[in-house]
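For reference, the structure is listed below as structure tokens.
The sequence lines fix the lettering, A, B, ..., with proteins before strands; numbering per chain opens at 1. The analysis underlying the following values was restricted to heavy atoms, covering all of them including side chains, and did not include hydrogens, waters or symmetry mates.
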Protein chains: 2
Amino acid sequence: MTLESSNPTSSRSPKMDANGERDVLTRLRTDIISSVFEPETRLKFADMKTRYNVGIGTLREALSQLSSEGFVTVEVGKGFRVAPVSAEELIEITDHFITLEKRALREAIEHGGEDWETNIVAVHHRLSLIEGLPWERRMERHSEWVERHREFHESLVAACKGKWLFRLRSLMFDQLDRYRFVTKRAPDGLGGKKSEEHCEIMNATVARDADLACELIEKHIRDTSDRAIRLL
Amino acid sequence: MTLESSNPTSSRSPKMDANGERDVLTRLRTDIISSVFEPETRLKFADMKTRYNVGIGTLREALSQLSSEGFVTVEVGKGFRVAPVSAEELIEITDHFITLEKRALREAIEHGGEDWETNIVAVHHRLSLIEGLPWERRMERHSEWVERHREFHESLVAACKGKWLFRLRSLMFDQLDRYRFVTKRAPDGLGGKKSEEHCEIMNATVARDADLACELIEKHIRDTSDRAIRLL
DNA sequence: AATACGATTATTTTCGAAAATATAGGAAAT
DNA sequence: ATTTCCTATATTTTCGAAAATAATCGTATT
């Protein structure tokens, strides 16, 4: 069995269309997360149609799903907008995410098997390849880093029993990602620190030290969120 | 200011279409919650189109939203199905809901004003009008009871600060509702007990006794869920 | 019998035209 | 100048036809 096939079912399947392009739902979500559209921006069908090269119906479907996920707001008869952001909301999302992530992590540590462990190490390695790069290179591949970072955190909790626990924590993670993005530009010099933290989290998790892993991950998330709050 | 206009913004707006009919998303969700379709049933567009008298695109939009909410599953190229149910999932949903509802209730008790209080009393009264009926009458108006019961629980936490807290707890409430429905037929004789519990919960909440209110509501939810688990 | 293949049917998915609705602009009335 | 009403424009929303895909069934081959 290859590592690839042992991958836990991901919350977001790749969903490539016939041409090998990511589908419009995924692309739109990525664009909102990475602030291609400012908060409150109207998402007109005419524009979106040309931008993503899909029909109106397909767009509506994607947009209404994103409204369920909280990325866009909808006012009947007046279309869709990118959801607003606020420091207050970031604080709340951070809080929920930490609670859920810690619960999920404990469950995963309790139930995870060898495949789960192995996957964590593999995914972490891919992440570290980018995090080890000098600042400029890292920035070039930022969108890739975002994806690897998401995969890493997901791999940690992939073995958690609760389906809804996983689902809710993933919902909150994606929301956090959007906020995390505002800190992208700041040339922190924290790259190294973050990379170290990821390593420590991985070690504690694989060593099945739930208390330590939870403590580390809480601090890790809280730190980055606090940074984002100050920049908001 | 009338009571009606002081109503807190509901998570689910009525969304009537031009003819005064509830929209397809709402109707479909209600039908799934109330087990009109068995779990795992395929939801074919041809059938749904005639049943709800809407176009295919509109249906797709509704169905993909319901998949975000967890009511239907989707397999690309093979359409939509009613999500499965299991005792295991019910246990998990109950657990999440209790956690969220208690947090939300504390926040609401802390921040709620006179409008919030008044609305609770009003909505509770409407609920009690049905719950006071003899068993047979109650069964006739069961779907109405479901709606009133939803409104009652929502009114309790309506003043909670956290938008996402409210959102997540509503998500879980709707899922619970689906499971709650399997207990409909059972002629329990618990109607009176439930009605009493609702009254006590209201009293504790309006009296701002957060500890008591949380204790009562936890017991209230746990009891009904346990009943449902046994019947599953 | 079992398998593989191709043709037929059933179903989903995509798309843009048409209907419904909201917005903007401009003339008339106060 | 402000409001009201009508017209023109812009935008959303709905719908079913057409394309793409999956399932079914019968026939041929081993």
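- Here dT13(C) presents its P atom at 12 Å from CG of D23(A), a figure rounded to the nearest Å.
- Interatomic distance, L156(B) CG to E117(B) CD, rounded to the nearest 0.5 Å: 11.5 Å.
- Between H198(A) and W145(A), the two ring planes are tilted [angle within 30° to 60°].
- Summarising the geometry, the separation between NZ on K44(A) and P on dA10(D) is reported as 10 Å, rounded to the nearest angstrom.
- Closest to the side chain of F45(B), from the set dT12(C), dT13(D), dC15(C), is dT12(C).
- The separation between D47(A) atom CG and dA10(D) atom C1' is 12 Å, rounded to whole Å.
- A donor-acceptor contact closer than 3.5 angstrom is absent between the side chains of D115(B) and T118(B).
- Of the two residues near DNA chain D, G57(A) and G79(A), the one whose nearest nucleotide lies more 5' is G79(A).
- Of the two residues contacting DNA chain C, namely E75(B) and K78(A), the nearest-nucleotide position lying further toward the 5' end is that of E75(B).
- Comparing T58(B) and R42(B) against DNA chain D, the residue whose closest nucleotide sits nearer the 5' end is T58(B).
- Atom OH of Y52(B) and atom P of dT14(D) are 16 Å apart (whole Å).
- For D47(A) and Y52(A), the side-chain atoms include no donor-acceptor pair closer than 3.5 Å.
- Rounded to whole angstrom, the span from the CG atom of L59(B) across to the P atom of dT13(C) amounts to 12 Å.
- To the nearest angstrom, C1' of dA18(C) lies 11 Å from CD1 of I56(A).
- For dT13(C), one of the phosphate oxygens OP1 or OP2 lies less than 4.0 angstrom from a side-chain nitrogen or oxygen of R60(B).
- Between the P atom of dT13(D) and the CE atom of M48(A) lies a distance of 14 Å, rounded to the nearest Å.
- Regarding L43(B), its CG atom lies at a distance of 13 Å from the P atom of dT11(C), rounded to whole Å.
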